[in-house]
Colleague: 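A single structure is presented below for examination.
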Amino acid sequence: ETGVTQSPTHLIKTRGQQVTLRCSSQSGHNTVSWYQQALGQGPQFIFQYYREEENGRGNFPPRFSGLQFPNYSSELNVDALELDDSALYLCASSPNRRNTEAFFGQGTRLTVV
Amino acid sequence: DAKTTQPPSMDCAEGRAANLPCNHSTISGNEYVYWYRQIHSQGPQYIIHGLKNNETNEMASLIITEDRKSSTLILPHATLRDTAVYYCIVRVDYGGSQGNLIFGKGTKLSVKP
């Protein structure tokens, strides 16, 4: 148990739809990062939020967006879903924006059909 | 792209030490070496990290060569539950001190009875 909770655990969406994934960070952690993990690959960094502001972004298009709330929980939104967006989406929380000892949630398995 | 090179797979007998190598020949002076592992269908789990000195915790030991171009993660007494994909990561720092994790494909460690 890492104290990082993601919901839902599984989700099936249709191409073109929009999806929102949620993450509750570990108590006392002010930084949340999101990663996408395709089958057989390592996680790929999407973006990071530190104290409610985006603090870094990977090579993902603008249809991937996010929010961090005052309680440091976070959302990942993906618009205009594509088949290639099917993946495990991981959230990690850290006590600082340098991501020392980041703790990951169990992930949300998104399938786009 | 990941800045590390790891063998794709390794086997280890239960109860023996598992030594997982990692090459990071282009590491910069202020970059740390991090190790995470991912057990099937779970989020990555932090194991250990270090800068240049050897480190040990309750899970593992990290040996970093003097030139810092390679390191070895040691699980002293591997158990079946240590079967996982192990990721060696060199943490990138951007100007704003944001440190996302760049995962490669890792080493799939199989611990056998």
Side-chain angles (χ1 to χ4, degrees), chain A residues 1-7 9-10 21 23-26 29-51 53-60 66 68 87-109, chain B residues 1-9 20 22 24 28 30-51 55-60 62 73 81 84-109:
Chain A
E1 279 297 326
T2 63
V4 180
T5 306
Q6 292 187 242
S7 62
T9 54
H10 296 82
L21 310 181
C23 172
S24 294
S25 58
Q26 189 177 113
H29 286 190
N30 56 23
T31 301
V32 173
S33 304
W34 286 91
Y35 291 78
Q36 180 195 66
Q37 186 173 23
L39 207 58
Q41 304 295 317
Q44 301 297 306
F45 174 70
I46 302 175
F47 45 58
Q48 174 175 298
Y49 280 82
Y50 169 69
R51 293 188 172 182
E53 292 195 2
E54 189 176 295
N55 182 237
R57 189 178 182 92
N59 189 26
F60 280 81
Q68 188 179 31
L88 180 68
Y89 288 84
L90 295 159
C91 162
S93 81
S94 173
N96 56 66
R97 60 183 176 177
R98 295 177 67 84
N99 264 323
T100 54
E101 299 184 49
F103 293 88
F104 283 81
Q106 297 286 75
T108 293
R109 172 71 62 186
Chain B
D1 288 346
K3 297 174 67 173
T4 61
T5 305
Q6 298 177 254
S9 63
L20 292 94
C22 179
H24 31 78
S28 300
N30 62 349
E31 289 180 319
Y32 287 73
V33 179
Y34 277 73
W35 283 84
Y36 280 78
R37 73 180 182 183
Q38 188 172 23
I39 296 170
H40 183 61
S41 298
Q42 297 183 20
Q45 177 189 22
Y46 166 82
I47 302 173
I48 198 167
H49 73 282
L51 183 62
E55 302 288 344
T56 296
N57 63 20
E58 64 279 3
M59 288 183 68
L62 174 60
L73 178 74
R81 288 178 295 179
V85 177
Y86 286 77
Y87 296 100
C88 169
I89 297 165
V90 168
R91 189 168 59 85
V92 176
D93 282 332
Y94 293 115
S97 297
Q98 171 264 326
N100 62 289
L101 301 169
I102 299 178
F103 290 82
K105 291 191 176 183
T107 295
K108 169 119 180 72
L109 176 68

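First the proteins, then the strands, lettered A, B, ... as listed; each starts at 1. Values below: every heavy atom of this structure, side chains too, minus hydrogens, waters and symmetry copies.
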Colleague: Heavy-atom distance under 4.5 Å to chain A: side chain of B:Gln45, backbone, both or neither?
Modeller: neither
Colleague: Would you name the heavy atoms of B:Cys88 and B:Val33 that are closest together and state the gap between them?
Modeller: SG-CG1, 4.0 Å
Colleague: Distance from A:Thr108 atom OG1 to A:Trp34 atom CH2, nearest 0.5 Å?
Modeller: 6.0 Å
Colleague: For chain B, which of A:Cys91, A:Gly58, A:Gly42 has the most heavy-atom pairs under 4.5 Å?
Modeller: A:Gly42
Colleague: Considering only heavy atoms and a distance below 4.5 Å, find which of A:Pro43, A:Gly105, A:Gly107 pairs most often with chain B.
Modeller: A:Pro43
Colleague: Can you tell which part of A:Gln37 gets under 4.5 Å to a heavy atom of chain B, answering side chain, backbone, both or neither?
Modeller: side chain
Colleague: Ignoring hydrogens and angles, tell me if any N or O in the side chain of B:Thr107 forms a donor-acceptor pair with the backbone of B:Pro7 under 3.5 Å.
Modeller: yes
Colleague: Test your reading of the model: is there a side-chain donor-acceptor pair from A:Gln68 to the backbone of A:Glu54, 3.5 Å cut-off?
Modeller: no
